[in-house]
Asks: 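Encoded as structure tokens, here's the structure I'll be asking about.
We use all heavy atoms of the structure for the numbers below, so side chains are in, but hydrogens, waters and symmetry mates are not.
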Amino acid sequence: AGIGTTKSSGSIHLMSAESGNSGVSGSLLFSTGKSSAGSSGNVVLSTSGSTDNSGSIVVSNGVSTGSLGGYMSLLAGSSTGNTGGDAKLTTGLSSTKSSGFIRIQTANGGTTGVSGNLIFFSGTSSCGATGLVSLATGDSKNGKAGNIEVVVGTGSASDGGSIHLVPGTSSSNSGGQMYISSGGNERTSSGGVYFRSSNAGTNGVSGNLQFYSGTSSSGASGGINFIS
């Protein structure tokens, strides 16, 4: 594109032509060639720096008026002899201010539908443990570490949504365990763990707190221990 000595430079548009009445528009493919003695080449999409806001990179699908919207796939490379490639989403850093944030959300539902699901899971494994799903905040040197919040939205016409924390089951050994532990401190008190139901409204009662172990068909059922 042409340069601009005092104004904006020109744009570059890459697009396939529109299709006819009984076809689809052409694809745009960006790929590097194969390599027999090393890594294949990279495909890099980046904007340049700026004294103001740097440019954005937007990847979006077109709108469909008669069928499903197009899907988007981000797939790391596979390997036949080693570990597959990683996929990383990292925000921009700042040397003096806050780093950027990552927001992953589904679009709002239409007038006769529901919003989409967010699903995070690791793949299956045939010879060992499956991968972890980890939610963690970073350490802080001069302040409080960040919180992790799991919050269900408000329901205006029905019951509020539930939160289920369920360890894994096993067909040959004990089921998975669940640990809820407060943070420790080397010099002062450790944190507390609170279980409580919310206060009731003007015409209701507060919710119950229930602790119970499951049934057993071949021995004693599990105990409930409260130890200070």
Side-chain angles (χ1 to χ4, degrees), residues 1-15 28-35 38-63 69-79 81-108 115-123 125 129-153 163 165 179-193:
I3 64 172
T5 57
T6 59
K7 299 292 183 179
S8 301
S9 61
S11 300
I12 295 178
H13 295 266
L14 298 177
M15 65 175 293
L28 284 178
L29 301 177
F30 300 90
S31 64
T32 63
K34 296 181 180 180
S35 174
S39 300
S40 60
N42 297 323
V43 176
V44 179
L45 297 177
S46 66
T47 62
S48 296
S50 172
T51 56
D52 196 359
N53 294 330
S54 60
S56 300
I57 295 177
V58 179
V59 180
S60 64
N61 294 335
V63 177
Y71 69 90
M72 184 180 297
S73 297
L74 297 175
L75 302 177
S78 301
S79 174
N82 214 319
T83 304
D86 296 330
K88 297 180 181 180
L89 292 177
T90 305
T91 64
L93 60 85
S94 173
S95 59
T96 58
K97 301 292 184 179
S98 301
S99 62
F101 70 91
I102 293 177
R103 180 171 181 169
I104 301 175
Q105 73 170 61
T106 63
N108 297 333
S115 60
N117 298 323
L118 281 179
I119 301 175
F120 300 90
F121 62 90
S122 62
S125 175
T130 59
L132 297 174
V133 176
S134 178
L135 296 177
T137 62
D139 297 332
S140 176
K141 294 182 179 179
N142 298 313
K144 181 180 178 181
N147 298 325
I148 295 178
E149 296 184 356
V150 180
V151 181
V152 179
I163 294 178
L165 299 176
Y179 296 91
I180 300 177
S181 176
S182 64
N185 190 295
E186 295 180 353
R187 295 178 297 176
T188 59
S189 302
S190 62
V193 177

Asks: Looking only at heavy atoms, which two atoms of Phe121 and Val133 are closest? And how far apart?
Replies: CA-CG2, 4.2 Å

Asks: Restricting to non-hydrogen atoms, name the atom on Ser115 and the atom on Ala107 that form the minimum distance, rounded to 0.1 Å.
Replies: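 Between these two residues, the closest heavy atoms are CB-O, 3.5 Å.
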
Asks: For residues 98-106, dump all side-chain donor-acceptor pairs below 3.5 Å to protein atoms at least two apart in sequence or in another chain.
Replies:
residue: Arg103; atom: NE; partner: Gln105; partner atom: OE1; Å: 2.5
residue: Arg103; atom: NH2; partner: Gln105; partner atom: OE1; Å: 2.8
residue: Thr106; atom: OG1; partner: Gly116; partner atom: O; Å: 3.0

Asks: Taking only residues two or more places apart in sequence or in another chain, which ones pass side-chain contact (heavy atoms from CB on, under 4.5 Å) with Asn185?
Replies: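 Asn185 satisfies side-chain contact (heavy atoms from CB on, under 4.5 Å) with Arg187, Thr188 once adjacent residues are dropped.
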
Asks: Pairs of donor and acceptor atoms involving the side chains of residues 40-63, under 3.5 Å and at least two apart or interchain, shall be tabulated with distances.
Replies:
residue: Thr47; atom: OG1; partner: Gly55; partner atom: O; Å: 3.0
residue: Ser50; atom: OG; partner: Asp52; partner atom: N; Å: 3.0
residue: Asn61; atom: ND2; partner: Gly70; partner atom: O; Å: 2.7
residue: Asn61; atom: ND2; partner: Tyr71; partner atom: O; Å: 3.4

Asks: With sequence neighbours left out, write down each residue that passes side-chain contact (heavy atoms from CB on, under 4.5 Å) with Leu75, or none if nothing qualifies.
Replies: Ser73

Asks: Can you name the residues that form a side-chain contact (heavy atoms from CB on, under 4.5 Å) with Val193, not counting sequence neighbours?
Replies: Ile180, Ser182, Phe195

Asks: What are the two closest non-hydrogen atoms of Thr137 and Asn147, and how far apart are they?
Replies: CG2-O, 3.6 Å

Asks: Nearest heavy-atom pair of Leu28 and Leu14: which atoms, and what distance?
Replies: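 It is CD1-O, 3.3 Å.
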
Asks: With a cut-off of 6.0 Å (strictly less than), are more than 12 heavy atoms of other residues, nucleotides or ligands near CZ of Phe120?
Replies: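 Enclosed.
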
Asks: side-chain contact (heavy atoms from CB on, under 4.5 Å) with Ser9: which residues, sequence neighbours excluded?
Replies: none

Asks: Looking at Ala76 and Gly85, what are the two nearest heavy atoms and their distance?
Replies: CB-O, 3.2 Å

